[in-house]
*Asks:* 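So that we are looking at the same thing, I have put the structure below in structure tokens.
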Amino acid sequence: MDNTIVYTQNIFPFSREELVIRLKNALTKSRFEHVLRVEQMAIKLAKLNDVDVELASIGGLVHDYAKQRPDDDFINAIHKYHLDSNLLNYGNAIWHGEVGFLFVQHELGIQNVDVLNAVKHHTVGAKYMSKLEQIVYMADYIEMGRDFPGVDEAREITYKNLELGVAYQTKHTLEYLILNNKNVYPKTIDTYNQWVLNSNLK
């Protein structure tokens with residue numbers, strides 16, 4: 001594992017080691033190990049796509065910072081920050097990204113908009129995603145601990161073409177939700193229409 005990254009840009013106002021400690025205290029062991037793997041995959045994808053590795057490291061580490069918060073924290077934040085009330089019809093799977101970025105901003109002191117958007121959009125995507133947002137979206141999906149039908153194909157596609165990887169994940173996630181009669185967050189449809197319909201995905 002590459003732990004040699006030294007944070008120099010003041011994106012997170014302390015060291016990587018301090019950020020890792022904060023995450024270890026906020027997450028279960030398995031979730032903490034997941035974010036470390038996502039960080040490493042994000043760094044790999046950043047190098048392949050000429051994206052700043054410090055941004056990728058931080059985005060990968062903090063994407064699930066809010067994953068294990070109680071529901072009341074999210075509900076209170078939705079009201080406090082006057083977010084779309086439709087969010088109240090969903091749960092942690094949507095909240096930890098769409099609302100959780102606010103905890104990253106206010107509790108970890110991260111103000112970088114690209115990192116915050118990467119956290120916000122890492123689960124459902126968005127019509128427009130920067131390279132960093134795409135990287136965190138995909139790193140979460142294909143990190144080394146993931147084992148599901150199609151993950152090897154997803155990795156192969158993503159290593160060659162990041163945007164096509166985004167299309168692959170979006171299509172397969174929507175298929176999963178439909179096949180299992182799951183509630184589909186509207187932004188997932190927007191992501192599909194933008195990334196899958198405009199792609200060369202077969």
*Asks:* Got a sec: does the CD of Glu33 have more than 12 other heavy atoms crowding it under 6.0 Å?
*Replies:* yes
*Asks:* Say you draw a straight line from CG of Leu102 to CH2 of Trp95; how long is it, rounded to the nearest 0.5 Å?
*Replies:*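 Here the interatomic distance stands at 14.0 Å.
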*Asks:* Given the rule that I, L, V, M, F, W and Y join up when any side-chain heavy atoms are under 4.5 Å apart, are Val196 and Leu177 in one cluster?
*Replies:* yes
*Asks:* I'd like to know if Asp152 pairs up with Arg155 as an ion pair, taking the criterion as any Lys NZ or Arg NE/NH1/NH2 lying under 4.0 Å from an Asp or Glu carboxylate oxygen.
*Replies:*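 Answer for the salt bridge query: yes.
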*Asks:* Under a 3.5 Å threshold, yes or no: a donor from one side chain and an acceptor from the other, between Ser199 and Tyr168?
*Replies:* no
*Asks:* What distance separates Asn198 CG from Lys127 NZ, expressed to the nearest 0.5 Å?
*Replies:* 11.0 Å
*Asks:* Could you state the interatomic distance from CG (Leu88) to CD1 (Ile78), rounded to the nearest 0.5 Å?
*Replies:* 4.5 Å
*Asks:* Using 0.5 Å steps for rounding, measure from the NZ atom of Lys120 to the CD atom of Glu98.
*Replies:*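 Atom-to-atom, Lys120:NZ and Glu98:CD are 5.5 Å apart.
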*Asks:* Do Leu174 and Val151 sit in one hydrophobic cluster, given that two such residues count as connected whenever their side-chain heavy atoms are within less than 4.5 Å of each other, even indirectly?
*Replies:*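 Per the 4.5 Å side-chain linkage, Leu174 and Val151 are not co-clustered.
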*Asks:* Can you tell me how far the CD1 atom of Ile58 sits from the CG atom of Leu61, to the nearest 0.5 Å?
*Replies:*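 One gets 8.0 Å once the value is rounded to the nearest 0.5 Å.
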*Asks:* So which atom in Val6 and which in Glu54 form the shortest heavy-atom distance, rounded to 0.1 Å?
*Replies:* O-OE1, 4.1 Å
*Asks:* I'd like to know if the side chain of Asn112 reaches the main chain of Asp114, judged simply by a donor and an acceptor atom lying under 3.5 Å from each other, with no hydrogens or angles considered.
*Replies:* yes
*Asks:* side-chain contact (heavy atoms from CB on, under 4.5 Å), that's the test. Do Val136 and Val115 meet it? Break it down for me.
*Replies:* CA-CA 9 Å; Val136 174; Val115 171; over 6 Å; no
*Asks:* Considering the options Asn117, Val124, Val119, which one meets the side chain to side chain contact (heavy atoms under 4.5 Å, CB included) requirement together with His121?
*Replies:*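 Of the listed options, the one satisfying the test is Asn117.
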*Asks:* Only counting residues at least two apart or in another chain, list the ones meeting side chain to side chain donor-acceptor pair (under 3.5 Å) with Asn161.
*Replies:* none
*Asks:* For the pair Asp52 and Gln9, evaluate side-chain contact (heavy atoms from CB on, under 4.5 Å) and give the outcome as yes or no after the intermediate values.
*Replies:* CA-CA 11 Å; Asp52 187 291; Gln9 301 177 53; 2.9 Å; yes
*Asks:* Roughly how far apart are Ile43 CD1 and Leu48 CG, rounded to 0.5 Å?
*Replies:*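 Going from CD1 on Ile43 over to CG on Leu48, the span is 12.0 Å.
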*Asks:* With sequence neighbours excluded, give me every side chain to side chain donor-acceptor pair (under 3.5 Å) pair touching residues 134-150.
*Replies:* His34-Asp140, His34-Glu143, Arg37-Glu143, His63-Asp140, Tyr137-Thr170, Asp140-Arg146
*Asks:* For Met138 and Met41, run side-chain contact (heavy atoms from CB on, under 4.5 Å): C-alpha distance rounded to whole Å, both residues' side-chain angles, the deciding distance at 0.1 Å, then the answer.
*Replies:* CA-CA 9 Å; Met138 291 313 304; Met41 181 59 74; over 6 Å; no
*Asks:* For Ala139 and Val38, which heavy atoms make the closest approach, and how far apart are they?
*Replies:* CB-O, 3.7 Å
*Asks:* Could you give all pairs that pass the ring-ring contact (aromatic ring centres under 6.0 Å, His included) test and reach residues 176-202, with sequence neighbours left out?
*Replies:* Tyr90-Tyr185
*Asks:* Restricting to side chain to side chain contact (heavy atoms under 4.5 Å, CB included), what partner residues turn up for Ala26, sequence neighbours left out?
*Replies:* Tyr65
*Asks:* Hey, which of Pro13, Ser15, Ser57 is the one that makes side chain to side chain contact (heavy atoms under 4.5 Å, CB included) with Tyr7?
*Replies:*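 Filter result, single survivor: Ser57.
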*Asks:* Minimum heavy-atom separation for Asp64 to Leu27, with atom names?
*Replies:* O-CD2, 3.4 Å
*Asks:* Under the criterion side chain to side chain donor-acceptor pair (under 3.5 Å), I'd like the reasoning laid out for Asn193 against Asp190: C-alpha separation, chi angles, the key distance, then a yes or no.
*Replies:* CA-CA 5 Å; Asn193 286 340; Asp190 293 338; 5.0 Å; no
*Asks:* For residues Leu162 and Tyr159: do they belong to one hydrophobic cluster (side chain heavy atoms under 4.5 Å, members Ile, Leu, Val, Met, Phe, Trp, Tyr)?
*Replies:* yes
*Asks:* Taking only residues two or more places apart in sequence or in another chain, which ones pass side chain to side chain contact (heavy atoms under 4.5 Å, CB included) with Ala66?
*Replies:* Arg69, Phe74, Phe103
*Asks:* Does Ile21 belong to the same Ile/Leu/Val/Met/Phe/Trp/Tyr cluster as Val104, with side-chain heavy atoms less than 4.5 Å apart forming each link?
*Replies:* no
*Asks:* For ring pair (Phe, Tyr, Trp, His ring centres under 6.0 Å), just list the numbers for His106 and Tyr81, CA-CA rounded to whole Å, side-chain angles, deciding distance to a tenth of an Å, and then say yes or no.
*Replies:* CA-CA 12 Å; His106 295 295; Tyr81 295 102; 5.3 Å; yes
*Asks:* Mind running side-chain contact (heavy atoms from CB on, under 4.5 Å) on Lys160 and Glu156 for me, showing each step along the way?
*Replies:* CA-CA 7 Å; Lys160 291 178 182 175; Glu156 186 178 339; 3.6 Å; yes
*Asks:* Taking all non-hydrogen atoms of both residues, which atom of Ile142 and which atom of Ala154 are closest, and how far apart?
*Replies:* CG2-CB, 3.8 Å
*Asks:* With a 4.5 Å cut-off on side-chain heavy atoms, are Lys44 and Met144 touching?
*Replies:* no
*Asks:* Regarding Ser130 and Glu133, do their side chains bring together a donor and an acceptor under 3.5 Å, going by distance alone?
*Replies:* yes
*Asks:* Applying ring pair (Phe, Tyr, Trp, His ring centres under 6.0 Å), can you list everything that pairs with Tyr128, at least two apart in sequence or on another chain?
*Replies:* none
*Asks:* Please check: side-chain N/O of Asn92 versus main-chain N/O of Gln68, any donor-acceptor pairing under 3.5 Å?
*Replies:*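 Between the backbone of Gln68 and the side chain of Asn92 there is no qualifying donor-acceptor contact (under 3.5 Å).
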*Asks:* Counting only heavy atoms from other residues, nucleotides and ligands, does the tally under 6.0 Å from CZ of Phe148 exceed 12?
*Replies:*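 Yes - once you tally the heavy atoms of other residues, nucleotides and ligands closer than 6.0 Å, there are more than 12.
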*Asks:* Would one find more than 12 heavy atoms of other residues, nucleotides or ligands at under 6.0 Å from atom CG of Asn180?
*Replies:* yes
*Asks:* Step through the shown structure and confirm whether more than 12 heavy atoms of other residues, nucleotides or ligands are within 6.0 Å of CG on Asn200.
*Replies:*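 Atom CG in Asn200 is not crowded, with 12 or fewer foreign heavy atoms closer than 6.0 Å.
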*Asks:* Check Leu23 against Val62 and note the closest heavy-atom contact, atom names and distance.
*Replies:* CD2-CA, 4.4 Å
*Asks:* Can you name the nearest heavy-atom pair linking Leu116 to Ile110, along with the distance?
*Replies:* CD2-O, 3.6 Å
*Asks:* Can you establish whether the number of heavy atoms outside Lys131 located under 6.0 Å from its atom NZ is more than 12?
*Replies:* yes
*Asks:* If hydrophobic clusters are built from ILVMFWY residues whose side chains come within less than 4.5 Å, do Val166 and Val184 share one?
*Replies:*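 No, because Val166 and Val184 fall into different hydrophobic clusters, even though each may have its own neighbours under 4.5 Å.
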